[in-house]
Amino acid sequence: MARRYWLFKSEPSSFSVDDLLGAPGRTTCWEGVRNYQARNLLRDNVKKGDGVFFYHSGARPSGVAGICVVTRSGYPDDSAQDPNSGYHDPRATGGNPIWYMVDIRLARKFTNVVPLSLIRNTPGLENMVLCRKGNRLSIQPVAPSEWRLIQRLAGTLR
DNA sequence: GCCAACGTTGGC
DNA sequence: GCCAACGTTGGC
């Protein structure tokens, strides 16, 4: 299977690209996804070696803040089984973990966030899942052409 | 802070 | 299985 591309959303007030920059090995587990559609992607489709856009939501501005690489494919999100975690789900067990996560490593933090407003106005990006009305999916597929275009945009913002 | 859009829950 | 109520997301 060829390398695939994704976009992961995070509110920077909760976990930002700078938090990942400061993490050991610039690596983190992407815990806490509690939506079944996003869960299915993490469990079944996001694979080691895939590319990830780190997206800041609820930010000023919201937009793509950097590029990551998946370093571990989907595995059970054990925060669901931790009563002390904010992500605890009492239904999750070892035999039925329900929720899944992957590990990602920050490859590059963009000098400037590529803002959503620019993405919306850039030909070739208007059909991104990100731009679709009402979209709330926190794990999204990104087309190879979109992957290249956004990196080119990031270069123009330097 | 507002509010539209969406996902989930739970009564029936 | 339907659907109203509710909670959450996320842009603005």
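Heavy-atom basis, side chains included; hydrogens, waters and symmetry copies ignored. Here is how names work: the chains are called A, B, and so on, in the same order as the sequence lines, proteins then strands, and each is numbered from 1.
Within the structure, the side chain to side chain donor-acceptor pair (under 3.5 Å) test picks out no pair touching residues 124-151 of chain A (sequence neighbours left out). Applying the ring pair (Phe, Tyr, Trp, His ring centres under 6.0 Å) test to every pair with at least one member in residues 68-97 of chain A, sequence neighbours left out, gives no pairs at all. Among residues at least two apart or in separate chains, there is no salt bridge (charged side-chain N to carboxylate O under 4.0 Å, His left out) pair with a member in residues 47-62 of chain A.
A heavy-atom distance below 4.0 Å to DNA chain B is reached by these residues of residues 34-44 of chain A, ordered by number: A:Asn35, A:Tyr36.
In this structure, the side chain to side chain donor-acceptor pair (under 3.5 Å) partners of A:Asp89, at least two apart in sequence or on a different chain, are A:Arg91, A:Trp99. For A:Asp18, the side chain to side chain donor-acceptor pair (under 3.5 Å) test picks out A:Lys109, with sequence neighbours left out. Judged as a side chain to side chain donor-acceptor pair (under 3.5 Å), and not counting sequence neighbours, the contacts of A:Ser79 are A:Arg34, A:Asp77. Residues passing the side chain to side chain donor-acceptor pair (under 3.5 Å) test with A:Trp30, sequence neighbours excluded: none.
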Check nucleotides 10-12 of chain C against the protein and report each pair of N or O atoms closer than 3.5 Å, with its distance, or say if there are none.
residue: C:dG10; atom: OP1; partner: A:Lys9; partner atom: NZ; Å: 2.9
residue: C:dG10; atom: OP1; partner: A:Arg136; partner atom: O; Å: 3.1
residue: C:dG11; atom: OP1; partner: A:Tyr55; partner atom: OH; Å: 2.8
residue: C:dG11; atom: OP2; partner: A:Gly58; partner atom: N; Å: 3.0
residue: C:dG11; atom: OP2; partner: A:Ser62; partner atom: OG; Å: 2.9

